[in-house]
Amino acid sequence: PPLYAKRYRLAVETLTKYDIKSVIDFGCAECHFVKHLSSVSCLEAIALVDINKELLVSKQKTIAPELRHFIFKRKNPLHVSLLAGSAEETDSRVSHFEGVTMIELIEHLYPDVLQKVTHNVFDNIKPRLCLVTTPNSEFNVLFKNADPNKFRHWDHKFEWNRAEFKSWCEEICRRYNYIVEYTGVGLLPDKETHHLGYCSQAAVFCLNHQRVFSQSLSNEHFSLCYELIAEADY
Ligand code: SAM
C-alpha cells in the first residue's frame, strides 16, 4: 500500500488499541482519512478539522456514508462532523474528545503556530491519546535526485531528523505530563537502509494518569470557534 495508507493504518490501529471513542483529526485536508476511521468500531464521534475552509467545502461529500455502511451497519452509532478552524484553538464541541491525530500537519506550521497548536492540544484538550506523524528527514537521501536543501513538499516549513523530533516530543512529555512511544511507517525491505529509520516518523502520546496535576477545562471554557461545514451519521 502507498505511504499515506500506511499512516492511516497506523492511526486506526492505535485508536483501536486504546479504545478511543472520540477523535479530532487536525489538518484533515481532503478528508481521505474518514473512510478508514469510519470502520473503527470503538469510535462514536469524529471531528475533522482543517484551516482551509474552501477545501473542506469542496470535499464535504467525502464524509457521507457509502453503500457499504448501509449494508454493514455499525453496532454503535458514529457521528462525523467537518469543521473549519485552526488547531491553535479549541471549540467547545470537541474540547472533551479523547483522541487527537495530526497526520503530516506539524511540518506545515511556522514555529510560532506550532507552539500554539502544541499548547492547545496538550494543555487545553489534553487528549488521552495523541498520534503525530511527520517526515523523517534522514530518509530523504534515498529519494531519486535527493537535494539536501529541499523539502519533500513546497509548503513544508521544516523536516526533522529523528533526534529533532524526539526533542520536541520529550519537551511535550515534560511540560504536559505525557508518555511517548516512537514508531513510523515506510521502512524499506532492504536492511541496508534501516539505519535511516522510517520514511514517516510517528509519536504516540499517552496522558500519564499516574501524575495528573491539573484537571481538563470544562466545555463551557471554550467557545464555538470552528465553523460547521457538514455532518454525517453512520
Ligand atoms: N492529514 C492529511 C492526510 O493525511 O491526508 C494531510 C495533511 S496536509 C499535508 C496539511 C493540512 O494542514 C492542510 O490541509 C492545511 O490546510 C492544514 N493546516 C495548516 N495549518 C493548520 C492549522 N493551523 N489548523 C488546522 N489545519 C491546518
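Read the numbers this way: they start at 1 and go in the same order the structure lists the ligands and their atoms. Starting from 1, each residue takes its place in the sequence as its number.
With hydrogens and angles left out, the side-chain atoms of Thr133 and Arg7 include no donor and acceptor closer than 3.5 Å. Side-chain polar atoms of Asn140 and Glu159 form a donor-acceptor pair below 3.5 angstrom. A donor and an acceptor atom, one from each side chain of Glu44 and His79, are nowhere located under 3.5 Å apart.
Contacts between Leu105 and ligand 1 below 4.0 angstrom, taking non-hydrogen atoms only, involve the side chain exclusively. By the criterion of a heavy-atom distance under 4.0 Å, neither the backbone nor the side chain of Asp155 is placed next to ligand 1.
In this structure, atom 23 (N) of ligand 1 lies nearest to the protein heavy atom Ser86 OG, 3.1 Å. In terms of protein heavy atoms, atom 20 (N) of ligand 1 is closest to Leu109 CD2, 3.4 Å. Closest to atom 26 (N) of ligand 1 among all protein heavy atoms lies Ile51 N, 3.3 Å.
Other residues, nucleotides and ligands contribute more than 12 heavy atoms inside 6.0 Å of the CZ atom of Arg152. The 12-atom threshold is not exceeded at NZ of Lys17, counting heavy atoms of other residues, nucleotides or ligands nearer than 6.0 Å.
Atoms CG and CD, on Leu3 and Glu104 in that order, are 7.0 Å from each other to the nearest 0.5 Å. Annotation: the span from Gln201 atom CD to Asn161 atom CG amounts to 7.5 Å, rounded to 0.5 Å.
The closest non-hydrogen atom to atom 3 (C) of ligand 1, taken over Tyr4, Tyr8, Tyr226, comes from Tyr8. When the heavy atoms of Val117, Asp50, Asn52 are ranked by distance to atom 15 (C) of ligand 1, first place goes to Asp50.
Considering backbone and side-chain N/O atoms, Ile103 comes within less than 3.5 Å of an N/O atom of ligand 1. The shortest N/O to N/O separation between Gly27 and ligand 1 falls below 3.5 Å.
In the vicinity of Glu104, heavy-atom distances shorter than 4.0 Å reach the ligand 1 atoms 7 (C), 8 (S), 9 (C), 10 (C). Numbered from 1 in the order shown, with element, the atoms of ligand 1 that lie under 4.0 Å from a heavy atom of Ala87 read 22 (C), 23 (N), 24 (N), 25 (C).
Ring centers of Tyr178 and Phe122: under 6.0 Å apart, within the cut-off.
At least one heavy atom of His108 sits closer than 4.0 Å to an atom of ligand 1. Ligand 1 lies nowhere less than 4.0 angstrom from a heavy atom belonging to Cys31.
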So Phe205 and Tyr176, ring pair (Phe, Tyr, Trp, His ring centres under 6.0 Å) or not? Walk me through it. CA-CA 11 Å; Phe205 293 93; Tyr176 305 108; 9.6 Å; no
